[in-house]
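One structure is given here, and the rest of the page talks about it.
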Amino acid sequence: MDTSAADFLPAARTLKALRAAAADCRGCPLYARGTQTVFGEGPRRAALVLVGEQPGDEEDRVGRPFVGPAGAVLARVLEEVGIDRAAVYVTNAVKHFKWEPRGSRRLHKKPSAREIAACHPWLAEEVRAVRPRMVVCLGLTAARAAFGRAVRLKDVRAQFTVTPLSAATFVTTHPAALLRVRGGEARAQAHAQFRQDLADVAARLAQ
Ligand code: URA
Ligand code: SF4
């Protein structure tokens, strides 16, 4: 590959040094579109790392992961299953918001495989620094980053798998996907499954 985040890694691989270096990353064209790099945040030694897709509109403005609508769903379900969000390191597979204008709104666009690969060094270094017991991928962009290849949700969901990113990689759906499910019953079912997945994670954390 040509340019990637690897060209911007700092000498010291502490979270603090990584975060500072990532702020100036130009490892893929997305740096020009987003307001700022949205790096992960959380305790230096978290047992659990949660990986989303990329910052959304609100995250892009605020500079923190999962502070928008999807973050609200995530926070509620974490609380329901008894996982303390403050004890979790939360990040994304891609650190810049990818969007296209739609009227006065900024419409989220899925990152490409190339962009996921370009940004991967940041995620890999975050996980290496935090050394969590498990990594939970929220959706297939995060799963692709963890597995290093495209996977299907039905093949990997709700099981702990060894991946290059973590010896205990768990995949569930993305909370934003729940917001898009139409129909009360289908939505309730999708929510219930997401809650059950995170309850499985909570149970493993308690072991
Ligand atoms: N969706 C994500 O995948 N990550 C965020 O930080 C916010 C929304
Ligand atoms: Fe760098 Fe990732 Fe932003 Fe691309 S998306 S510029 S690789 S931080």
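All ligand and atom numbering here is 1-based and tracks the order in the structure. Heavy atoms only: backbone and side chains are in, while hydrogens, waters and symmetry mates are out. Everything numeric in this text was worked out from a predicted model, so none of it was measured.
- Not a single heavy atom of Arg64 sits less than 4.0 Å from an atom of ligand 1.
- Under 4.0 Å from ligand 2, not a single heavy atom of Phe8 appears.
- Atoms of ligand 1 found under 4.0 Å from any heavy atom of Gly52, numbered from 1 in the order shown, are 3 (O).
- Salt bridge Glu115/Lys110: absent, no basic N to carboxylate O contact under 4.0 Å.
- Contacts with ligand 1 closer than 4.0 Å are made by side-chain heavy atoms of Glu59 only, the backbone lying farther away.
- Using a cutoff of 4.0 Å between basic side-chain nitrogens and carboxylate oxygens, Asp2 and Arg114 are scored as salt-bridged.
- Against a heavy-atom cut-off of under 4.0 Å, Pro65 is close to the following atoms of ligand 1: 6 (O).
- Pro10 is listed as a side-chain neighbour of Leu18, based on a closest heavy-atom distance under 4.5 Å.
- Annotation for ligand 1: atoms under 4.0 Å from non-hydrogen atoms of Glu53 are 2 (C), 3 (O).
- Each side chain to side chain donor-acceptor pair (under 3.5 Å) pair with one or both residues in residues 130-143, not counting sequence neighbours, appears once here: Glu53-Thr141.
- Among protein heavy atoms, the minimum distance from atom 4 (N) of ligand 1 is reached at Asn92 OD1, 2.7 Å.
- Between Arg61 and Asp57, at least one side-chain N (NZ, or NE/NH1/NH2) sits under 4.0 Å from a carboxylate O, which counts as a salt bridge.
- Ionic pairing of Glu79 and Arg76 is not present here: no N-O contact between side-chain nitrogen and carboxylate oxygen is shorter than 4.0 angstrom.
- Contact atoms of ligand 1 toward His174: 1 (N), 2 (C), 3 (O) (distance under 4.0 Å to a heavy atom of the residue).
- Pairing each heavy atom of Gly34 with each of His96, the nearest pair is CA-CD2, 4.1 Å.
- Looking at Glu80 and Arg195, a side-chain N of the basic residue comes within less than 4.0 Å of a carboxylate O on the acidic one, giving a salt bridge.
- The distance from the CZ atom of Phe194 to the CG atom of Leu138 is 5.5 Å, given to the nearest 0.5 Å.
- Using a cutoff of 4.0 Å between basic side-chain nitrogens and carboxylate oxygens, Glu59 and Arg64 are not scored as salt-bridged.
- Protein atoms of type N, O or S found under 2.8 Å from atom 3 (Fe) of ligand 2 total 1.
- Remark: minimum distance from atom 5 (C) of ligand 1 to any protein heavy atom is reached at Gln54 O, 3.4 Å.
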